[in-house]
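Before I ask anything, here is the structure I am working with.
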Amino acid sequence: MTAPFGAPKAHYDYLIVGAGFAGSVLAERLASQTGARILLIDRRPHIGGNAYDELNADGILYHKYGPHIFHTNSDQVVDYLSQFTEWRPYEHRVLAVVRGQQVPIPINRTTLNALFGLDLKTDEEAADYLASRAEPVDDIQTSEDVVVNAVGRELYELFFQGYTRKQWGLDPSELDKSVTARIPTRTNTDDRYFTDTFQAMPKDGYTAMFKRMLDNPLIEIRTGVDYRDIREQVDADHLIYTGPIDEYFDFRFGKLPYRSLKFEHRTLEEARHQPVGTVNYPAPDVPYTRISEYKYLTGQEAPVTTITYEYPSAEGDPYYPIPRAENQALFKRYEALADSTPGVTFVGRLATYRYYNMDQIVGQALATFRRMQEAVGATVAA
Ligand code: FAD
Ligand code: UDP
């Protein structure tokens, strides 16, 4: 499987750069549905991209790149992935440490009662209370506007401003509204982080699911290989690229900002460390944003437990596109270049500069596959 690249050239129909969800879904579809011969590479030493999980030295299944919780409203995405995994039902819950208390986030009726010593009993009472605090914003543009408009400045500062400044290195007023709009405000007592119709974890983990997806003799996998080092040596008809789009074009228009994180994984000599899967720390004086404990996500039983701290960082692997107008404008210039580059398809969170969850990337990759098929059909018919 790992013949040197200097060996006599094999011919591939597709070279796919990146073995995360975007690259792996396309490899699977193209091989299984069209019989194409694929070379799938990743510069990391493993498949799975950011969703990669593995057993650590203590025997705990953990996520190397931070906690990944699967949730979706798309039957199509569930049906597709279910070919490669069974599922373990799991609904994620998150508490935020605010004024010395651990309270539910998204903000709900329980949060308000706990924080302000209230006894709001109904949705209506909670809605009235929030309306009395909200500061309506006529034209909601930024991540500050969304929250201040819904819950007012005090709750905004307590839950969102510090967290967002840490996570993005920017004030919420400098970020597109879509970022904090990911977090709703509730008047009921639903304390689940997500309300999607399907919420479950791959039963044997993400890496096991990826292995099954890619288990096809037509797919050759090479990890620990950077596209930049092998691009001249691979003979492939078409390139599918899921890495950062600015890097592909050698940063021609300047660097497109991506936010990074440093992960600190720790195993503790206790069965449980915290009351829920994730605890958020919005306070500005705490250097990390959140701590997650995998045994909640995976259901694993063990006398020890593994947790991960997330420290936001400007340096390091690109994890998050940063949604704001000037970055979108720069991305559009790269996108125009991509559109006029024949033989290359750009797909995935880094290549299309979209703050997408896993299910959205699977959906995007399936749609890309369909479009590629239509294009082939059109060429054959012409
Ligand atoms: P990636 O997974 O980033 O894969 C791209 C791959 O391309 C990488 O493995 C990279 O090494 C490789 N690559 C790049 N350039 C090159 C090159 N030049 N040569 C070779 N290989 C290259 N989503 C959810 O739905 N739920 C969650 O709970 C969730 N939590 C998250 C938590 C964190 C901390 C982060 C960062 C993301 C989270 N996500 C979550 C988002 C999820 O990780 C992404 O939606 C998904 O992994 C994107 O898949 P992708 O294939 O587009 O990109
Ligand atoms: N956010 C916040 N406080 C929180 C949770 C989220 O300010 O307690 C904001 C923050 O800007 C964050 C965004 O909402 O980046 C989206 O949160 P999510 O949990 O969806 O982030 P992800 O899991 O993608 O890192």
Side-chain angles (χ1 to χ4, degrees), residues 15-26 40-52 63-72 77 92 94-98 103-107 143-144 146-147 156-168 170-172 175 178-183 193-194 196 199 201 206 210 222-231 241-245 247-248 258-261 263 277-282 289-290 292 297 308 310 312 317-323 347-352 354-362 364-365:
L15 167 62
I16 302 185
V17 176
F21 270 102
S24 297
V25 168
L26 276 159
L40 174 64
I41 65 165
D42 203 298
R43 61 184 167 200
R44 290 170 169 166
H46 56 72
I47 58 170
N50 286 340
Y52 175 75
H63 300 177
K64 187 167 184 165
Y65 306 98
H68 278 69
I69 297 111
F70 190 82
H71 56 99
T72 189
V77 168
H92 195 50
V94 180
L95 295 171
V97 177
V98 170
V103 293
I105 173 91
I107 293 170
S143 268
E144 175 184 319
V146 174
V147 182
Y156 160 74
E157 286 174 358
L158 283 175
F159 286 88
F160 288 90
Q161 192 173 36
Y163 188 111
T164 301
R165 283 183 175 171
K166 289 193 288 188
Q167 171 72 10
W168 300 96
L170 294 168
D171 188 80
L175 275 171
S178 59
V179 176
T180 54
R182 288 167 64 93
I183 315 298
Y193 204 59
F194 309 109
D196 298 36
Q199 305 187 42
M201 298 289 287
Y206 290 99
F210 276 95
R222 298 202 190 190
T223 55
V225 172
D226 196 311
Y227 173 64
R228 285 171 299 192
D229 299 331
I230 56 94
R231 60 184 158 192
Y241 184 84
T242 77
I245 189 168
E247 187 182 317
Y248 180 85
Y258 293 90
R259 190 69 172 161
S260 192
L261 292 169
F263 302 102
T278 296
V279 177
N280 285 359
Y281 293 84
T289 50
R290 58 187 178 192
S292 299
L297 281 55
T308 295
E310 292 176 46
D317 278 4
Y319 290 125
Y320 292 84
I322 306 178
V347 58
R349 177 153 143 144
L350 303 172
T352 63
R354 287 191 173 82
Y355 185 4
Y356 271 1
N357 294 329
M358 293 179 282
D359 65 317
Q360 294 170 300
I361 295 295
V362 173
Q364 187 194 50

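Whatever order the structure lists them in is the order used to number ligands and atoms, beginning at 1.
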Legend entry - Proximity flag R44 to ligand 1, non-hydrogen atoms under 4.0 Å: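 The answer is yes: ligand 1 sits under 4.0 Å from a heavy atom of R44.
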Legend entry - Flag, side chain of D226 to backbone of R228, donor-acceptor distance under 3.5 Å: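 Between the backbone of R228 and the side chain of D226 there is a qualifying donor-acceptor contact (under 3.5 Å).
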Inset, instruction - Show which atoms of ligand 1 fall inside a sub-4.0 Å distance from at least one heavy-atom site of V17. - result: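 Numbered from 1, ligand 1 contributes 16 (C), 17 (C), 19 (N), 20 (C), 21 (N), 22 (C).
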Quick one: table the atom pairs, ligand 2 N or O against protein N or O, below 3.5 Å, distance rounded to 0.1 Å.
from     : atom 1 : to   : atom 2 : distance (Å)
ligand 2 : 3 (N)  : F159 : O      : 2.9
ligand 2 : 7 (O)  : F160 : O      : 3.3
ligand 2 : 7 (O)  : T164 : OG1    : 3.1
ligand 2 : 8 (O)  : N280 : ND2    : 2.9
ligand 2 : 11 (O) : T164 : OG1    : 2.8
ligand 2 : 11 (O) : W168 : NE1    : 3.3
ligand 2 : 15 (O) : W168 : NE1    : 2.9
ligand 2 : 19 (O) : Y193 : OH     : 2.5
ligand 2 : 20 (O) : R182 : NE     : 2.8
ligand 2 : 20 (O) : R182 : NH2    : 3.2
ligand 2 : 21 (O) : Y355 : OH     : 3.2
ligand 2 : 23 (O) : R290 : NH1    : 3.0
ligand 2 : 23 (O) : R290 : NH2    : 3.4
ligand 2 : 24 (O) : R182 : NH2    : 3.1
ligand 2 : 24 (O) : Y355 : OH     : 2.6
ligand 2 : 25 (O) : R290 : NH2    : 3.2
ligand 2 : 25 (O) : Y320 : OH     : 2.5

Inset, instruction - Name the orientation class of the two ring planes belonging to F194 and H92 (parallel below 30°, tilted from 30 to 60°, perpendicular beyond 60°). - result: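 Correct class here is parallel.
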Inset, instruction - For atom 44 (C) of ligand 1, state which one of Y65, Y52, Y227, Y356 supplies the nearest heavy atom. - result: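 Answer by nearest heavy atom: Y356.
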Legend entry - atom 18 (N) of ligand 1: the protein heavy-atom neighbour that sits closest, reported with distance to 0.1 Å: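 Answer for atom 18 (N) of ligand 1: D226 OD1, 3.1 Å.
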Inset, instruction - Say whether V225 and ligand 1 are in contact under the criterion: heavy-atom distance to a ligand atom below 4.0 Å. - result: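 Judged by the 4.0 Å heavy-atom criterion, V225 does count as contacting ligand 1.
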Inset, instruction - Select one of side chain, backbone, both or neither to describe which atoms of V347 lie under 4.0 Å from any atom of ligand 1, heavy atoms only. - result: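 Neither; nothing of V347 gets under 4.0 Å from ligand 1.
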Inset, instruction - Under the side-chain contact (heavy atoms from CB on, under 4.5 Å) rule, what do I230 and L15 come out as? Steps first, then yes or no, please. - result: CA-CA 11 Å; I230 56 94; L15 167 62; 4.2 Å; yes
Inset, instruction - Tell me, please, whether Y320 has R349 positioned over its six-membered ring: NZ or CZ under 6.0 Å from the ring centre and within 45 degrees of its axis? - result: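 Output yes; distance and angle both within limits.
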Inset, instruction - Return the residue, atom name and 0.1 Å-rounded distance of the protein heavy atom closest to atom 23 (N) of ligand 1. - result: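 Of every protein heavy atom, M358 N, 3.3 Å lies nearest to atom 23 (N) of ligand 1.
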Legend entry - Any N/O pair P67/ligand 1 closer than 3.5 Å: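 The answer is yes, given that P67 and ligand 1 share an N or O pair closer than 3.5 Å.
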Inset, instruction - Specify the protein heavy atom at minimum distance from atom 41 (C) of ligand 1: its residue, its atom name, and the distance to 0.1 Å. - result: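 Protein heavy atom at minimum distance: R349 NH1, 3.4 Å.
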Legend entry - Y356: ring pair (Phe, Tyr, Trp, His ring centres under 6.0 Å) partners, not counting sequence neighbours: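 Residues passing ring pair (Phe, Tyr, Trp, His ring centres under 6.0 Å) with Y356: none at all.
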Inset, instruction - Return yes when Y248 approaches ligand 1 closer than 4.0 angstrom through a heavy atom, no otherwise. - result: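 Not so, Y248 does not reach ligand 1.
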Inset, instruction - Pull out every atom of ligand 1 sitting under 4.0 Å from any heavy atom of L261, numbered as shown with elements. - result: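 So the atoms of ligand 1 that pass are 34 (C).
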Legend entry - Y52 side chain vs K64 backbone, donor-acceptor pair below 3.5 Å: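 Such a contact is absent between Y52 side chain and K64 backbone.
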Legend entry - Under 3.5 Å: N/O of D42 near N/O of ligand 1: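 There is such a contact, yes.
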Legend entry - Interfacing atoms of ligand 1 (cut-off 4.0 Å, heavy-atom, G18):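 Under 4.0 Å from G18, ligand 1 has these atoms: 6 (C), 7 (O), 12 (C).
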Legend entry - atom 29 (C) of ligand 1: nearest protein contact (heavy atom, Å):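 The closest one turns out to be H68 CD2, 3.7 Å.
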Inset, instruction - Verify, without hydrogens or angle tests, whether S143 (side chain) and T180 (backbone) share a donor-acceptor contact under 3.5 angstrom. - result: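 Judged by distance alone, yes, a pair lies under 3.5 Å.
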Inset, instruction - Indicate yes or no: does an N/O atom of Y241 lie under 3.5 Å from an N/O atom of ligand 1? - result: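 Min N/O separation from ligand 1 is not below 3.5 Å for Y241.
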Inset, instruction - Look up atom 25 (O) of ligand 1 and tell me if a protein heavy atom lies less than 4.0 Å from it? - result: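 Under 4.0 Å from atom 25 (O) of ligand 1, at least one protein heavy atom found.
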Legend entry - Per-residue contact class, N357 against ligand 1 - non-hydrogen pairs under 4.0 Å: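 Looking at N357 and ligand 1, atoms from backbone and side chain both fall under 4.0 Å.
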Inset, instruction - Measure A351 to ligand 1 on non-hydrogen atoms and call it side chain, backbone, both or neither using the 4.0 Å cut-off. - result: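 The answer is neither; A351 stays 4.0 Å or more away.
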Inset, instruction - Classify the ring geometry between W168 and Y355 as parallel (under 30°), tilted (30 to 60°) or perpendicular (over 60°). - result: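 Taking Y355 first and then W168, their aromatic rings stand perpendicular (interplane angle over 60°).
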Legend entry - Interfacing atoms of ligand 1 (cut-off 4.0 Å, heavy-atom, T242):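 Ligand 1 atoms under the 4.0 Å threshold to T242: 5 (C), 7 (O).
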Legend entry - Test item: D42 side-chain N/O and A19 main-chain N/O as donor-acceptor pair under 3.5 Å: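 Here the side-chain-to-backbone pair exists.
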Legend entry - Candidate with minimal heavy-atom separation from atom 22 (C) of ligand 1, of H71, R290, R43: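 Among H71, R290, R43, the closest heavy atom to atom 22 (C) of ligand 1 belongs to R43.
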Inset, instruction - Just let me know how F70 lines up against ligand 1, side chain, backbone, both or neither, with a heavy-atom cut-off below 4.0 Å. - result: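 For F70, there is no contact with ligand 1 at all, from either part.
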Inset, instruction - Please name all residues satisfying ring pair (Phe, Tyr, Trp, His ring centres under 6.0 Å) with Y206, sequence neighbours left out, ordered by chain then number. - result: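 Residues passing ring pair (Phe, Tyr, Trp, His ring centres under 6.0 Å) with Y206: H63.
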Inset, instruction - With the side chain counted from C-beta on, respond yes when Q360 and T72 share a heavy-atom pair under 4.5 Å apart, and no when they do not. - result: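 The answer is no, as the side chains (C-beta and beyond) never meet within the 4.5 Å cut-off.
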Inset, instruction - Compute the shortest N/O to N/O distance between G66 and ligand 1 and return yes if it is under 3.5 Å, no if not. - result: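 For ligand 1, there is no N or O atom that lies under 3.5 Å from one belonging to G66.
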Legend entry - Under 4.0 Å to a heavy atom of F21 - the qualifying atoms of ligand 1, by number: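 The atoms of ligand 1 under 4.0 Å from a heavy atom of F21 are 49 (O), 51 (O).
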Legend entry - For atom 14 (C) of ligand 1, the protein heavy atom that lies nearest, with its residue and separation: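 Answer, as residue, atom name and distance: G243 CA, 3.5 Å.
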Inset, instruction - In sequence, state the C-alpha distance, the side-chain angles, and the governing distance for Y156 and Q161, and then conclude on side-chain contact (heavy atoms from CB on, under 4.5 Å). - result: CA-CA 6 Å; Y156 160 74; Q161 192 173 36; 3.7 Å; yes
Legend entry - Test item: I107 and F160 side chains (from C-beta on) under 4.5 Å apart, heavy atoms: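 Yes - at least one pair of side-chain heavy atoms lies under 4.5 Å apart.
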Legend entry - For atom 3 (O) of ligand 1, the option (of I47, I69, N50) bearing the nearest heavy atom: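 The nearest heavy atom belongs to N50.
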Inset, instruction - Note the single closest protein heavy atom to atom 51 (O) of ligand 1, along with its residue, its atom name and the distance in Å. - result: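 Residue, atom and distance for the closest contact: A22 N, 2.9 Å.
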Legend entry - Contact with ligand 1 for E247, non-hydrogen, under 4.0 angstrom: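 Judged by the 4.0 Å heavy-atom criterion, E247 does count as contacting ligand 1.
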Legend entry - Partner residues of R44 under the salt bridge (Lys or Arg N to Asp or Glu O under 4.0 Å) criterion, sequence neighbours left out: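 Listed in chain order: D317.
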Inset, instruction - Just need the protein heavy atom nearest to atom 48 (C) of ligand 1, so name the residue and atom and give the distance. - result: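 Here the nearest protein heavy atom works out to I361 CG1, 3.8 Å.
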